[in-house]
There are 2 protein chains.
Amino acid sequence: MSYQSESLIAQAREAREALGVSQRVLGERAGLTQSHISQIESGKMEPGLSSFIDMTRALDLELMLVPKKLVPGVLGLVKAQATPDMHIHAAQSNDKRFARAERMIKKMKHLYGSSADLDRIEETVRFLRRVNLGDQEMRLVRELIARLERSQASEQAAAVVRDIAQNLRRLRNSITHRVSPEPRPAYSLDDGDDDA
Amino acid sequence: MSYQSESLIAQAREAREALGVSQRVLGERAGLTQSHISQIESGKMEPGLSSFIDMTRALDLELMLVPKKLVPGVLGLVKAQATPDMHIHAAQSNDKRFARAERMIKKMKHLYGSSADLDRIEETVRFLRRVNLGDQEMRLVRELIARLERSQASEQAAAVVRDIAQNLRRLRNSITHRVSPEPRPAYSLDDGDDDA
DNA sequence: ACTTGCGATATATAATTCTGTATCAAGGAT
DNA sequence: ATCCTTGATACAGAATTATATATCGCAAGT
């Protein structure tokens, strides 16, 4: 998948997860197969414009063409509209996202051997999971995790892993300077291994 | 082309024409071939999401996912931003659009024989060309013309032509009741045949 | 332990996109 | 009349999407 579309695709996935809709259910609504949706969301395939529109309309989202200089304004409009219950769902799927990322990193270490970068990524992901992240921060994290996932089949995996590690650390540092980390609600502390 | 994407594609074409950019020039900017762009714009092909993003970014437009209920608000934002010189360009390409539509309708009558619907479409298009149309009205006209163009290769051509004729007449009636028609500036009266 | 649902992946196949290149009719400028 | 540019169309071939179906490892619930 090219960089052009991956942000839109990531947003579509976030919206689906935020709505608590599975790929199978979305497929039924959109007239697409679950495997098709999985390949689109995971970056294994570039969808056609119509397929993507089908997907996103089934999530009550509309693709719009916006003049580039109006993009920040539109983003502001969209952000102001996000509902609280959507945040709750989003937080839940965020935690699942972190859990899956930790599992994926373990698997990568197992398959390709450990490395300083992977260790750093693993530790930073564990830290970020406990911190309350803003939407922008969470979006960045998700994009980095998605890139890590796709890097496995990439030739420049090492370089990409390095870049992801640096970005995650930069984010962590900015958070550390913004506010001291506050633990998540107790019900989410039980998730995953966080003994360290 | 499916109905899902045709509105977006029509908007991209309008933007390109409004900017006075040819398909060849756009192709160079976007990394696509002129024939590819022509097939996309004319509805002969469903583009991939990335190809479409390439196209539209080269026109300083960004594809955004917007919650359905925010679409009117975003449309309002976009409309408020349109610059006067863009309107002038748009008016110019509108007139060219009308001219092309009139030629196409003549060709259709020649190829498939005349019909009451085609006659009505031809006459209504000639009328609408002289009237100052609002953006929404002009958008509707363009979509209808595009549908007419595509209907030629369609099995339900007659039904589509009928539907287009009715829509154009409905638009004309709403305009007639809104304001008495005012002729266009003299410099555009010379275009095309409007003796009838 | 078992069941269910999840997302990811595999396979085969048909359909379509995408690219490169060429050509054409039409319109505008000279 | 000629030249140039335009958008549309054609063709061949490579690459990719899209569909159908199945299967898998994993997580959660019972």
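R24(A) contributes no side-chain N or O that forms a donor-acceptor pair with the base of dG5(C) under 3.5 Å.
The CG atom of D60(A) sits 8.5 Å away from the NZ atom of K69(B) when rounded to the nearest 0.5 Å. Of the inter-residue distances, the one linking S7(B) atom OG with M64(A) atom CE reads 9.0 Å to the nearest 0.5 angstrom. Atom-to-atom distance recorded for L26(B):CG and E41(B):CD is 7.0 Å, nearest 0.5 angstrom.
Every residue two or more places apart in sequence or in another chain was checked for a side chain to side chain donor-acceptor pair (under 3.5 Å) with Q39(A), and none qualifies. Partners of Q34(A) by side chain to side chain contact (heavy atoms under 4.5 Å, CB included), not counting sequence neighbours, listed by chain and number: Q23(A), R24(A), S38(A). For the side chain to side chain contact (heavy atoms under 4.5 Å, CB included) test, residues two or more places apart in sequence or in another chain that qualify with S35(B) are T33(B). Applying the side chain to side chain contact (heavy atoms under 4.5 Å, CB included) rule to V25(B) yields the partners V21(B), S22(B), R29(B); only residues at least two apart in sequence or on another chain are considered.
Partner of M55(A) under the side chain to side chain contact (heavy atoms under 4.5 Å, CB included) criterion, chosen from L61(A), I9(A), L63(A), I40(A): I40(A). Residue F52(B) forms a side chain to side chain contact (heavy atoms under 4.5 Å, CB included) with just one option from L49(B), D54(B), T56(B), and that option is T56(B).
Distance from the side chain of Q23(B) is smallest to dA8(D) among dT6(D), dA8(D), dA18(D). Closest approach to the M45(B) side chain among dT9(C), dA8(C), dC18(C) is made by dC18(C) (side chain taken as heavy atoms from C-beta onward). With dT17(D), dT23(D), dG7(D) as the candidates, the nucleotide lying closest to the side chain of R13(B) is dG7(D).
In this structure, CE of M55(B) is placed 11 Å from P of dC18(C), rounded to the nearest angstrom. Rounded to whole angstrom, the span from the CG atom of L26(A) across to the C1' atom of dG7(C) amounts to 13 Å. Rounded to an integer number of Å, the gap from CD1 of I37(A) to C1' of dT19(D) is 13 Å. Across the protein-nucleic acid pair, D54(A) atom CG and dA18(D) atom P stand 10 Å apart, rounded to whole Å. Atom-to-atom, CD of E41(B) to P of dT9(D) comes out at 12 Å; the value is rounded to the nearest Å. In this structure, E17(A) places its CD atom 13 Å from P of dC6(C), rounding to the nearest Å. At whole-Å resolution of the value, CD in Q39(A) and P in dA20(D) are 14 Å apart. In this structure, F52(A) places its CZ atom 14 Å from P of dT17(D), rounding to the nearest Å.
Shown here for L59(A) and A15(A), the closest heavy-atom pair between the two residues is CD1-CB, 4.5 Å.
At the heavy-atom level, S22(B) lies under 4.0 Å from the strands shown only through sugar-phosphate atoms.
Remark: S38(A) is in phosphate contact with dA8(C), judged by side-chain N or O atoms under 4.0 Å from OP1 or OP2. Dashed line: the shortest gap from a side-chain N or O of K44(B) to OP1 or OP2 of dT9(D) is under 4.0 Å.
Heavy-atom distances under 4.0 Å link DNA chain C to L32(B), T33(B), S35(B) of residues 27-35 of chain B, given in residue order.
Fit an axis to the five pairs at each end of the helix from dA1(C)-dT30(D) to dT30(C)-dA1(D) and the two axes sit 50° apart, to the nearest 10 degrees.
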